[in-house]
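Here is the structure we will look at.
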Amino acid sequence: AARMHVEAVIPCLSDSLSQANISLDNIDAICVTCGPGLVGALLVGVSAAKGLSEMTGKPLVPVNHINAHISANYLVHSDLKPPFMTLVVSGGHSEIIKVSDWNKFEIIAGTRDDAAGEAIDKIARVLGLGYPSGPKMDNIAQNADVGRYTFPKPTAGSGLDFSFSGIKTFALNLIHQYEQRQEKIDIASFAASYQSSVANVLAENAVAACIQSGYNTLCIAGGVSANSFLRKKISELATANDINLYMPPLDLCTDNAAMVAAAGYYNFINGVRADLSLNAYPSIQQMQY
Ligand code: KG4
Ligand code: ZN
């Protein structure tokens with residue numbers, strides 16, 4: 001992944017500038033994701049951004065990847081303002097985060113093991129659905145029978161935390177049992193039942209977090225927030241509990257550069273700057289921006 005980043009970073013930058021029909025002179029700041037994520041890939045971006053900042057004399061602005069996912073919502077919902085609750089669900093994260101101010105975050109629940117996206121990708125691969133697995137599993141399950149297969153609830157204890165390793169193993173075992181008995185699985189219904197189990201707990205805990213904290217605004221973010229089962233369930237629960245729900249459009253759910261610019265904008269106007277000592281931070285606990 002890091003080697004691919006090295007190959008792609010300069011062509012991607014020149015393509016972006018030429019497609020937007022602008023030059024580096026039109027840019028106010030160089031915003032870069034410095035974590036959390038895979039450290040090798042992050043380092044390529046951080047090094048490229050440092051080089052650009054040195055070359056152009058423009059300020060270097062560090063961005064937290066999770067904050068960037070949340071900020072995708074600001075690009076399309078101009079009335080969304082803190083305080084609000086947010087559910088961040090991606091390939092590497094499943095967190096409920098209280099956003100009390102533009103740059104004040106408190107993680108109030110998370111996953112004890114796998115992320116929701118990882119649990120979806122793994123089962124989609126085993127079902128042979130191909131790549132990209134999340135959207136493929138979502139599509140195949142449209143109009144299928146969500147009650148056909150039953151899965152354990154992916155929670156951890158009595159709080160708001162998630163645990164997706166159990167449901168993943170349960171699904172893998174079920175697939176193997178069908179294979180051993182040489183029985184066919186109804187893949188569309190299996191995908192629908194599995195995704196609705198994952199989506200229900202994400203939606204229920206996010207709405208419960210709002211109720212417990214007295215928040216009446218909720219937004220969702222991250223690749224898995226594109227999932228139709230999650231969008232439907234969380235919309236129903238938000239309406240039933242008088243919660244204002246904000247969801248990014250599908251193309252701003254998965255990783256994209258516009259969301260990094262959106263988060264970077266707020267850091268920039270708040271005076272957040274980095275110098276050449278900026279590093280890459282793999283874990284969310286080490287993050288400061
Ligand atoms: O936010 P993202 O692009 O990258 C990370 O920061 O991890 O999220 C990627 C994840 C993958 O697990 C992908 O399968 C999942 O988001 N995803 C979906 C859908 N679209 C993307 N999962 C379920 N349904 C979708 N429609
Ligand atoms: Zn992401």
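Atoms within each ligand, like the ligands themselves, are counted from 1 in listed order. Computed over heavy atoms, backbone and side chain alike; hydrogens, waters and symmetry mates excluded.
- Close contacts between ligand 1 and Thr254 involve ligand atoms 3 (O), 21 (C) [criterion: under 4.0 Å to a heavy atom].
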> Lys58 and Asp28: salt bridge (Lys or Arg N to Asp or Glu O under 4.0 Å), yes or no, with the steps?
Replying inline: CA-CA 7 Å; Lys58 316 245 177 205; Asp28 299 305; over 6 Å; no
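- Looking only at side-chain heavy atoms (C-beta outward), Asp161 and Thr111 stay at 4.5 Å or farther from each other.
- Coordination check, His65 versus the Zn ion (ligand 2): passed, since an N/O/S atom of the residue sits under 2.8 Å.
- Pairing each heavy atom of Ala115 with each of Ser90, the nearest pair is CB-O, 3.8 Å.
- Per-residue contacts place His65 under 4.0 angstrom from the following atoms of ligand 1 (heavy atoms of the residue considered): 6 (O).
- Residue-level proximity to ligand 1 for Asp121 is carried by the side chain, the only part with a heavy atom below 4.0 angstrom.
- Taking 4.0 Å as the cut-off, Pro132 does not count as a neighbour of ligand 1 on heavy-atom distance.
- Counting heavy atoms closer than 4.0 Å to ligand 1, residue Met137 contributes nothing at all.
- Between Val99 and Met85 there is no side-chain heavy-atom pair separated by less than 4.5 Å.
- At under 3.5 Å, a nitrogen or oxygen of Gly91, whether backbone or side chain, sits near a nitrogen or oxygen of ligand 1.
- When only interatomic distances are considered, the shortest N/O to N/O separation between Asn227 and ligand 1 falls below 3.5 Å.
- Checked against a 3.5 angstrom limit, the closest N/O atoms of Gly223 and ligand 1 fall inside it.
- Of the protein's non-hydrogen atoms, the one nearest atom 22 (N) of ligand 1 is Gly134 CA, 3.6 Å.
- A salt bridge links Glu236 and Lys232; the closest N-O separation between the charged side-chain nitrogens and carboxylate oxygens is under 4.0 Å.
- Under a cutoff of 6.0 Å and an axis angle of 45°, Arg181 and Tyr178 form a cation-pi pair.
- Exactly one residue among Leu60, Ile27, Leu24 makes a side chain to side chain contact (heavy atoms under 4.5 Å, CB included) with Leu52. That residue is Leu24.
- Here the protein heavy atom with the shortest distance to atom 26 (N) of ligand 1 is Asp138 OD2, 3.0 Å.
- The side-chain heavy atoms of Phe162 and Leu202, taken from C-beta on, include a pair separated by under 4.5 Å.
- With the Zn ion (ligand 2) as the vertex, atom NE2 of His69 and atom OD1 of Asp255 span an angle of 100° (nearest 10 degrees).
- Atoms of ligand 1 found under 4.0 Å from any heavy atom of Gly117 (numbered from 1 in listed order, with element): 12 (O).
- Contacts between His69 and ligand 1, counted as non-hydrogen atom pairs separated by less than 4.0 Å, involve the side chain only.
- Counting atoms of ligand 1 from 1 in the listed order, those under 4.0 Å from a heavy atom of Gly92 are 7 (O).
- Residues Ser165 and Asp114 have side chains that never bring a donor and an acceptor to within less than 3.5 angstrom of each other.
- Note: an N/O pair closer than 3.5 Å links Asp255 and ligand 1 by distance alone.
- No side-chain heavy atom of Val89 sits under 4.5 Å from any side-chain heavy atom of Asn227.
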